[in-house]
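What follows is one structure encoded as structure tokens, with my remarks underneath.
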Amino acid sequence: MNSASPSPVIPPDPWSRWAPPLIDRILEAFRAESIPVERPELEAALDRSGGEGWDLALAVHRWARIAGRAPPRLADDLAARLRPERPPLRSAAAAQGYVNLTLEPETVARGTLETVFGRWERYGHWEPEAGTACVEHTSANPTGAFHVGRVRNAIIGDTLVRVLRARGIPAVTQYYVDDMGRQAAMITWIWSRPPDSWPPEIRAEAPTIDPAEKADRRLGRPYPAVSGYLKSHPEAQAEVAAIVRAVEEGHPPAEHHRRISEILDGMLQSLARIGIRFDERVWESSLLDSGAVGQVVDRLLKAPHATLEENGAAAIDASGYRLPKEEAKIIVRRADGTSLYVTRDVAYHLSKFARFARVIDVLGQDHRLHAQTLDALLAEIGEPRRPEYVIYQDLTVPEGGRMSTRRGTGVWLDDLLDEAVRRAREEVLRRRDDLSEAEIGRIAEAVGTSAVRYHILRVAPEKTVLFRWEEALSFEGRTAPFLQYAHARAASLLRKAGREGPPYPFDPGLLGHPEEQALLRRIRALPGRVEYVARTNHVHALAGYAHDLADQFNRFYHAVPVLTAGAERDSRIALVAATRRTMETTLDLIGVTPLETM
RNA sequence: GGGCGCGUGGCUUAGCCUGGAUAGAGCAUCGGGUUCCUAACCCGGCGGUCGGGGGUUCGAAUCCCCCCGCGCCCGCCA
């Protein structure tokens, strides 16, 4: 029996234990066949995903021509060169132009489990790297509560941060708070007077103000009506404009930032419920106050394509940047000398470049042109760096069109979460009568909120997500509860075995069942998946991995007994423990709450 | 009109960057599984000309071009 002891020297990725000698042997085989292959080329071509009974696959077609042989023939020849097999290689088989390599089951089990037990909480995490990343996400205007459409940004951004950190990259999240625009000014304007003195048109839209209501809901209530009211009331518009000007000049109304903070706190409370928190809030006005915006304007005035408009506005002739604008001109300072969003955003990004090695912005597709404009202005002032953009598409609703508060097609995040939790509670009550009220509540909250988060995370950002209540609230199949259930099931086994923590002795020779081997292959894939997501920002890939892992655990669970097993009992318990550990890390990374029971 | 994104079984989707083995999954549907470790589960069936056309290639869902459909953006708004 092996008893894994924690050791800091165990590398993050189980693959590193077997890969180098294997790759050497494959290179030798190529060399023996007189086919020139470079190591990097081979490593890139190797498929490590693991399939029906194999661990490594290599499609040889690309070298067939050079070798002057048909792919199946070449595969045969190469496979023959890898024989006789010796540890850790169990078999080298040729099939349809592929060389399929299978490791000894024992090797797979030992290497994978020792890595998991050796690293434990650090399994799935990589060693620290130098260079901090900044992820700016959400940054929604603080004008009211989140509807589900806005939350996609937060879910993508937050998941990305978690994965970057797991990759060893220190990461800071920033919420860029717009306190300078008309929208924020409208909030301050309407709330600068008591509700009973509001214009009737606005009162009509927000008839009762409940002081106990969450701040983002309460303070945002009159907002849509204010928007309409201003269109037909120039004098009110002038008052709002005066607030905007006051902010620009550095002396905002006393209430301004307090109101915005209050509303923002409410918004962030909702996000906290699905596990999303921010490290820093960057107030847009702070960039102006510090003089950073002024410096950017100065640099832009001296830029290669700077032009002055007749009325005194400053612009950049952007015809060289192929922006999809009718006039290839970017105004960078208004005629009245006041600043603009893009210009302030340049200042913001310069401040990020000064602090961070990697700058990532999560943006809705409607900000695509803004991003291109920002890039153009950064180029104009000679800044060589650019942010990485993670662009996501909108949520749409069955009636057509995107989710929008103004059109009344928005679904409040709070309402969706409440309904999800309510339904989760019903599910818990349906199957458990042994839990305390507190436990039921805790499980329902975890299941409901996780289901919502996962539902949005699982789809690639560039796809539009069709929002349907029934699907967002589903607890079966590709959902968070499916994942939580697998985790809870594993936890239950360990509880019953009385082995809720390491050490987990195991005999790697007893884990040869195909479902066990398949499960081990899933487990060992996590570090690679984390690396991939941190490199490509494709956070949804981790949601897919979580499902694959849970799915394979379920198959294993149904295929072999654990607690009632004979000689294999301890080893299977170890495998369950490794699965549970891997599952917990994965769930943490995607913001799904792991449960011990459900 | 220009730019960007998307278009895969009835529905929702993975795979597309880095082209390769019968295009994976979930929902729905049909048929099985619980005296046995949590059935929010598992096993099996049905269902796909990967929007259309052309090209590159030994090989295209994947790369290139054209077209069609849908979404978004094209403000001295943010």
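Sequence lines set the chain letters: A, B, ... in the order given, protein chains first and strands last, and positions in each chain run from 1. Note that this is a predicted model, so its numbers are computed, not measured.
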I need the CG-P distance between Leu369(A) and C4(B), as an integer number of Å.
12 Å

Rounded distance in Å - OH (Tyr98(A)) to C1' (G59(B))
10 Å

Would Lys329(A) and Glu309(A) count as a salt bridge (Lys or Arg N to Asp or Glu O under 4.0 Å) if you check the C-alpha gap in whole Å, the side-chain angles of each, and the deciding distance to 0.1 Å?
CA-CA 11 Å; Lys329(A) 198 194 301 178; Glu309(A) 303 295 295; 3.0 Å; yes

Complementary nucleotide of C6(B), counting Watson-Crick and G-U pairs under 3.5 Å:
G69(B)

Step-by-step side chain to side chain donor-acceptor pair (under 3.5 Å) determination, Gln365(A) to Arg368(A)
CA-CA 5 Å; Gln365(A) 64 158 338; Arg368(A) 183 80 237 193; over 6 Å; no

Under 3.5 Å, is there a donor on one side chain and an acceptor on the other for Arg344(A) and Ser339(A)?
yes

When you compare U12(B) with C66(B), how far apart are their P atoms, in angstrom units rounded to a whole number?
28 Å

Distance-only, no hydrogens or angles: does the Arg69(A) side chain make a donor-acceptor pair with backbone N or O of Asp77(A) under 3.5 Å?
no

What integer number of Å spans the P atoms of C72(B) and G33(B)?
50 Å

Rounded distance (Å) that lies between atom P of A39(B) and atom CZ of Arg430(A):
16 Å

Check nucleotides 7-17 of chain B for protein N or O atoms closer than 3.5 Å to its own N or O atoms and list the pairs.
| unit_1 | atom_1 | unit_2 | atom_2 | d |
| --- | --- | --- | --- | --- |
| G7(B) | OP1 | Lys463(A) | NZ | 2.2 |
| U12(B) | O2' | Arg458(A) | NH2 | 3.2 |
| U13(B) | OP1 | Thr464(A) | O | 2.9 |
| A14(B) | OP1 | Ala460(A) | N | 2.9 |
| A14(B) | OP2 | Lys463(A) | NZ | 2.9 |
| G15(B) | OP1 | His540(A) | NE2 | 3.1 |

Rounded to whole angstrom, note down the P distance from A40(B) over to C46(B).
27 Å

When we call it a touch if two heavy atoms are under 4.0 Å apart, what does Ser474(A) touch: a base, just sugar-phosphate, or nothing?
nothing

Distances under 3.5 Å between protein N/O atoms and the N/O atoms of nucleotides 40-42 of chain B, please, pair by pair.
| unit_1 | atom_1 | unit_2 | atom_2 | d |
| --- | --- | --- | --- | --- |
| A40(B) | OP1 | Tyr485(A) | OH | 2.8 |
| A40(B) | OP2 | Arg431(A) | NH1 | 2.1 |
| A40(B) | O5' | Arg431(A) | NH1 | 3.3 |
| A40(B) | O4' | Arg431(A) | NH1 | 3.1 |
| A40(B) | N9 | Arg431(A) | NH1 | 3.4 |
| A40(B) | N7 | Arg431(A) | NE | 3.4 |
| C41(B) | OP1 | Gly477(A) | N | 3.3 |
| C41(B) | O3' | Asn554(A) | ND2 | 3.2 |
| C41(B) | O2' | Arg489(A) | NH1 | 3.0 |
| C41(B) | O2' | His558(A) | NE2 | 2.7 |
| C42(B) | OP1 | Asp551(A) | OD1 | 3.2 |
| C42(B) | O4' | His558(A) | NE2 | 3.0 |

Look at the side chain of Gln372(A) against the base of G3(B) and say whether a donor-acceptor pair falls under 3.5 Å; ignore hydrogens and angles.
no

Could you measure between the two P atoms, the one in G71(B) and the one in G15(B), and give it in whole Å?
24 Å

Parallel, tilted or perpendicular for Tyr341(A) and His367(A), by the 30°/60° rule?
perpendicular

Measure from CD1 on Ile391(A) to C1' on G5(B) and round the result to the nearest Å.
9 Å

From CD of Glu568(A) over to C1' of C37(B), roughly how many Å is that when rounded to an integer?
15 Å

Check side chain to side chain contact (heavy atoms under 4.5 Å, CB included) between Arg65(A) and all other residues, then give those that pass, not counting sequence neighbours.
none

Criterion side-chain contact (heavy atoms from CB on, under 4.5 Å) against Val297(A), the qualifying member of Val346(A), Val332(A), Thr343(A):
Thr343(A)

